[in-house]
Amino acid sequence: MWSRLREVFARELVVLVDPTNPQHARRRKQLTASVGAIFTLGMAAAMGVAPRSAFDDPLAPRTQQALRMPDVREQLEQLTDSQAVYVREERMQRGDTIASLLKRLGVDDADAQAFIVKNPTARGLFNLNPGQAVQAEIDESNTLVSLQANLGGDAAASRELVIERVRAASDNTAATYKAKVQRVDNDVHYEMASGAISAGGFFKAMDAANVPDEVVQQMLSIFSGVIDFHHDIASGDRFRIIYEAGFRDGTFVRNGRVVALELINRNQLHQALWFAPEDSKDGGAYYTFDGRSMKRPFLRSPVEFSRVSSGFGGREHPLHHDWAQHKGVDFAAPTGTKVLATGDGVVEFVGQQNGYGNIVILNHANGYSTYYAHLSGFAGMRQGQPVRQGQLIGYVGSTGWATGPHLHYEFRFNDVPQNPLTITLMESPTLTGKSRQEFLTYTSGLLSRINALRTYNVLTASN
Ligand SMILES: [Zn+2]
């Protein structure tokens with residue numbers, strides 16, 4: 001199982017999307033469309049529609065069909081036989097009240113208005129931003145039958161507010177309504193991007209491969225425990241990413257989570273998969289293909305890697321002098337670059353010290369401590385304050401004995417300085433028992449997806 005999965009991911013996909021191939025960009029688009037089609041067709045098959053044609057001709061244009069019918073339309077179909085019902089759509093405007101919105105929708109219904117104002121769920125309408133759509137269904141006397149609005153969501157799903165009339169008004173009773181927020185699945189496409197790092201640097205390579213910024217940020221975060229992007233990334237490194245993108249009724253909603261990721265950094269292969277064990281409290285995490293967590297007790301770099309800081313000094317050669325006498329490592333970066341806590345801990349000291357200038361010292365579990373010196377400013381740190389790994393603690397500067405802007409970083413064990421660039425990475429937990437079984441099931445599902453891509457490759461190769 002492991003060898004097969006690894007092999008498919010590490011070799012077949014390299015062949016499939018070869019960054020050195022000039023056809024690469026075009027192929028990526030085809031692949032994306034094809035994967036979308038396969039999953040959409042999978043859903044269509046589940047609904048009893050034979051999904052033959054798109055497979056017969058791999059070059060046939062793929063179109064995404066909206067699978068979801070709005071609730072109001074279904075109700076409309078049921079209701080048109082018995083009575084006249086109208087559907088209206090309006091967009092929220094700045095300064096709208098429930099009364100003004102209902103008026104524009106053509107609703108003249110005091111009972112409905114009173115319900116929406118009072119009901120906590122229905123009041124979700126007040127949170128809509130200008131420009132967001134609201135659909136209403138009204139009968140021939142302009143009373144409300146139902147109302148629907150999209151409250152937002154993530155790549156996987158949208159949250160929809162639905163207000164429905166349960167019972168019509170009669171001579172002596174008011175109409176009754178109910179409100180609910182329901183989760184409506186988006187169509188999730190799996191986008192794939194790949195490329196190679198060239199002399200232009202990391203971000204240029206990401207742009208060339210059309211990797212969206214929010215996906216790049218995830219990539220940096222996923223590998224933050226194992227790679228120092230400032231110093232480790234080298235020309236010739238290669239990457240592949242598969243990430244989710246949510247579509248609703250054929251319209252792009254937003255990019256989602258990276259589901260699988262690979263980076264070949266200086267000939268060393270790093271791979272990560274998203275996986276959420278059922279008993280996990282925080283939802284999920286990234287694991288290597290053999291079920292080892294990607295999270296480490298300490299980040300590889302205390303300096304945020306960004307478009308601005310990426311090209312600043314010493315990318316290939318960190319300024320670490322003779323660290324044994326220097327006691328730390330210097331990270332060159334522009335003044336103001338974000339400095340991040342490399343591990344969970346507590347603020348031991350924040351303030352000024354001779355030579356160090358503005359400095360933050362953090363205490364971590366098991367006798368470790370970290371020093372961040374020459375800061376231009378602090379991110380509101382107080383002594384005794386708990387901090388999380390990756391939390392902003394201050395900004396790069398040149399206070400104290402510093403000839404130019406850089407972060408002086410020390411990593412100590414029982415107060416003895418260690419070289420953070422060469423300490424062995426602490427072992428991370430491995431999935432066991434039930435979680436491991438779930439992980440195996442999940443990766444086997446992923447293998448099917450990758451196999452679907454491989455099938456497509458065979459088809460294109462024959463053209
Ligand atoms: Zn230094």
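Values below: every heavy atom of this structure, side chains too, minus hydrogens, waters and symmetry copies. Everything numeric here is computed off the predicted structure, so don't read it as measured data. Indexing begins at 1, ligand by ligand and atom by atom, following the structure's order. We number each residue from 1, following the sequence as shown.
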(message) Taking side-chain contact (heavy atoms from CB on, under 4.5 Å) as the criterion, tell me which of Arg257, Glu191, His189 meets it with Glu244.
(response)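 Exactly one candidate clears the test, Arg257.
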(request) For the Zn ion (ligand 1), decide whether His374 has an N, O or S atom at a distance under 2.8 Å. (result) no
(message) What is the name of the N/O/S atom of His408 that is nearest to the Zn ion (ligand 1)?
(response) ND1
(message) Among the N, O or S atoms of Asp330, which one sits nearest to the Zn ion (ligand 1)?
(response) OD1
(request) With rounding to the nearest 0.5 Å, note down the distance linking OG1 in Thr342 to CZ in Phe298. (result)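 These two atoms lie 5.5 Å from each other.
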(message) Is it the case that the side chain of Tyr442 and the backbone of Trp274 share a donor-acceptor pair, with hydrogens and angles ignored and the cut-off at 3.5 Å?
(response) yes
(request) Could you tell me which non-hydrogen atom of Met294 sits nearest to which non-hydrogen atom of Thr288, and how far apart they are? (result) SD-CG2, 3.6 Å
